[in-house]
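Numbered from 1 within each chain, the chains take letters A, B, ... in sequence-line order. For the numbers below, each heavy atom of this structure counts, side chains included, while hydrogens, waters and symmetry mates do not.
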Amino acid sequence: AYKRFSELLPKEERENACSARVPKSQILTLPELRANPFRHRICRLFSTSETGDDSLSFEDFLDMLSVFSDSATSDIKSYYAFRIFDFDNDGTLDRNDLEQLVNCLTGQGEESGLSSAEMDQLIQNILEESDIDKDGTINLAEFQHVVSRSPDFASSFKIVL
Amino acid sequence: RRQLSGRRGPVRQRARRWAPFSPCGWSRVCVGLVCTEAGRAAVQAPAPLLSPFSSPQGCRGLWYRLLSLLRAAQPGHYALKQIGGRFGSSVLSYFLFLKTLLMLNFFSFFILLTFVVVLQAVYPTASVSPQPFTGLELLTGAGYFTHSLLYYGYYSNVTLNDPCPSSPGGSVCPLPAPLLPYNLPLAYLFSVGVSFLVTCILLVYSVSRSFRESVKSPTGDLAIKVFCAWDFKVIQRRSVKLQCENICTQLKELLAERRSRSHSQSLGHCLVMLLAWGLALGSVLGCVLAVHYFSEHMHTGSGRWQQEAVLLVLPLVVSLLNALMPHLFNLLAVWEKQDSPVAQVSVAIFRNLILKVVILSLLCYHWLSRSTVCSTEECWETCVGQDLYRFVVMDFIFTLLDTLFGELIWRLILEKRLKTKQRPEFDIARNVLELIYGQTLTWLGVLFAPLLPAVQMLKLLLLFYLKKTSLMRNCQSPSKPWQASRMSTVFITLLCFPSFLGTAAFLSYTIWSKQPSETCGPFRGLETIYKSGKMWVLVLEKSNPNITWFAWVYQHLLENTCLLFFMSTALIAVIYFNIQVVRGRQRVICLLQEQIANEGEDKRFLMQKLQAVYEQRHR
């Protein structure tokens, strides 16, 4: 992991790789993240930069790898998945978040997306199935409850270097 | 994490943007991060910073570095990552299943090698002079290999390392007793038994682990599909686009299904289904009759070359049927137009399974009844071992041909002739059933050819690289929805239940009631193979009167069938109890969900009342 991280830095900064920050544009050239539709959310989530430019230090990079690794428990994975899907960072998944999520999943092209009627039906069904306290949004506990019932979640929420 | 940052010298102020949600959760996060962080990164730079805490940290650093090297040095690690990155978890599950089989075979082979094969190789028996080696032996397993370590017939029935082999009459031997006598027949029986026991334990453990992971409640498919659909392992741009399209199609299908919940089962549809099942079962019967005919009426030709070649006819016919019939079943399933794609896949798998089970049962009966060509050979066990070797080799050749024609040539036809961009899909279910069939053949043959697991291991290794190359060049990822973990559970259960239990039953019958041949093998002259164990217990009893309790245990517990009944009853009772507990818990979950919904409503009601009261007061 150290080797991959230092490859992203320009040559003169490679000796200080532990304290350097890699800008977001460089992180997105990693093959594991290049084509992922959630790459911007991942960078935003794991970045601890005070300036808000979504750059990652080596510790942030390791944070990200450890969450996506084999040994992370499914609690950790579902917590971070919830934060990735929470596009407006308000702590719950409401209708807008769900709509953006489905658009990411089905691709950005117009011909491959769902029609607005289908989107409404889909979001209605999701809220019916997972919103237990019926407040119109999905909070962390409800999300973790839904995800815990899927055996595939832990193995698909994985990035291997 | 804060602790580790503190230890690293300058304290880093890390502004946490989110509050920790629970102390337990954060401690787990800390432990997880520290372990994976240290295990994953072969960190070089911070090592000098850790020098104040020198020797335990240095050792641990070395240990973690070794772990990460081991992880990367696993065979096929990069290949698996490539496959997962391009095709997703579903195709990856086939290759992981192949690796599991490789591991099972390795354990069996290791046990047999150390306890039986190596010792017999060190003390070779004086046997007939071997026939000259021609290339055909690799295919037929006969000729040069007949009197070699590969088959049962070579193994001796005496105690090795014994300067004067004693007769059963117990005559006195003038020479001193050997230092390390090694009773080969007993070792043979026990090695086979132990390797089966180890395989059984590993299989039951895998089945229970995947059952625990794959049991899920029936409601909530759509939410689960949306939240867990994205496979983060897929990294190639083209595959990512394909995955987006697949998810879109699946969501549309699910929504359409929900909208029109009522499907009318018209009479025509029922008739079509009945006809398809009739055709499938009829074709299975036809195959069985063909195999029976070929096994009974194989004529021997003149000349040695023809005699050896004729032995290959039955394996050829069986492998041909096993390769062609699944394609027929797939076509039938497409013609039948099942309600859902999952049902289509399940029905095709089930028909394929019936075909293989029936053919294997017929072959087992045919081997045990000894009414075969093996009457020319005095040693029927070697004959059966040779037959199984031929089946394994022929299975491999046909898998090779099937990959060549099914994938490479089909892709060339699609591209050049029909000029479509579509490539053939990798049929996971059919390939996994082929692997299970091959493994069943190996397990059937372990008693008769102790080196067969080695042959199977070689075959699996070659198959891994062959399938991977063909997949990368010729195939596209499957478009049907595939729940990787549920299907993995189904496959490992199929490996355990019809396959392993069937071979265990076959071997138990052979050991318990078949008479071994008179002139060859470690159990010659005995009534059944099982009697050798009994004789050993009697010898033990005679030699040392203090261990009569062992003989008593053997006689009354192991040989008594009442114990088996008690154990089965206890197992069934435990299973029933667990099922009732699960049902009770599901009911509790439903009640709790209702309670949460009611409390939400209560809260809303109270807030509305509060608001109304405030508004009244301010008016």
Side-chain angles (χ1 to χ4, degrees), chain A residues 1-3 15 17-18 31-38 48 50 59 62-63 65-66 68-73 75-76 79 81 83 85 98 101-102 104-107 112-114 118 121-122 125-126 129-130 132-135 140 143 146-147 149-153 155-161, chain B residues 5 14-15 18 21 25 28-29 32-33 35-37 39-46 81 84 89 213-217 219-224 226-237 239-241 244-245 247-248 251-252 255 258-259 483-486 593 596-597 599-601 604:
Chain A
Y2 183 70
K3 202 166 67 145
E15 284 78 43
C18 284
E32 286 84 2
L33 287 181
R34 201 165 35 193
N36 198 317
F38 298 107
T48 51
E50 283 91 20
E59 285 206 6
L62 284 183
D63 265 348
L65 286 180
S66 68
F68 281 106
S69 77
D70 254 332
S71 1
T73 65
D75 279 347
I76 298 178
Y79 173 71
R83 291 200 56 92
F85 296 155
L98 290 175
L101 171 63
V102 174
C104 272
L105 286 179
T106 58
S112 61
L114 299 179
E118 284 171 335
Q121 186 195 354
L122 179 63
N125 278 325
I126 293 177
E129 285 166 7
S130 33
I132 306 180
D133 58 4
K134 308 277 182 268
D135 61 353
L140 176 64
F143 180 80
V146 168
V147 154
R149 278 185 277 155
S150 161
D152 281 320
F153 177 69
S155 61
S156 59
F157 200 75
K158 204 192 297 193
I159 293 181
V160 176
L161 257 200
Chain B
S5 319
R14 303 183 69 80
W18 58 89
F21 56 98
R28 251 183 289 158
V29 169
L33 284 175
C35 288
T36 54
E37 188 179 295
R40 271 205 167 267
V43 176
Q44 293 139 13
K81 185 186 164 188
S89 315
E213 288 171 9
S214 83
V215 164
K216 69 179 183 107
S217 58
T219 60
D221 315 329
L222 214 49
I224 290 180
V226 167
F227 291 142
C228 311
W230 188 261
D231 193 356
F232 281 76
K233 284 202 284 276
V234 175
I235 55 185
Q236 278 205 3
R237 228 180 276 266
S239 315
V240 163
K241 206 158 81 92
C244 290
E245 282 168 14
I247 293 180
C248 187
L251 286 176
K252 283 193 180 156
L255 288 172
R258 296 244 169 149
R259 257 176 291 166
Q483 286 154 319
S485 70
R486 199 180 342 157
Q593 274 179 337
I596 294 178
E599 281 185 11
E601 265 190 46
R604 249 175 287 146

Exercise for the section: First locate atom CD1 of B:I247, then atom CG of A:L105, and finally report the distance between them rounded to the nearest 0.5 Å. Expected result: 5.0 Å

Handout entry: chain B contact via A:F157 - which portion, at a heavy-atom distance below 4.5 Å
Key = both

Problem - Reported CD1-to-CD1 distance for the pair A:I126 and B:I224, which is rounded to 0.5 angstrom - result: 11.5 Å

Exercise for the section: Could you look at B:V226 and say if it's the side chain, the backbone, both or neither that has a heavy atom under 4.5 Å from chain A? Expected result: both

Practice task
Could you have a look at B:E599, B:E601, B:Q593 and say which one has the most heavy-atom pairs with chain A under 4.5 angstrom?
Solution key: B:Q593

Handout entry: B:F232 and A:F38, any side-chain heavy atoms less than 4.5 Å apart
Key = yes

Problem - Under 4.5 Å from a heavy atom of chain B, the part of A:L33 involved - result: neither

Problem - Contacts of A:E32 that satisfy side-chain hydrogen bond (donor to acceptor under 3.5 Å, both in side chains) - sequence neighbours left out - result: A:R4, B:K81

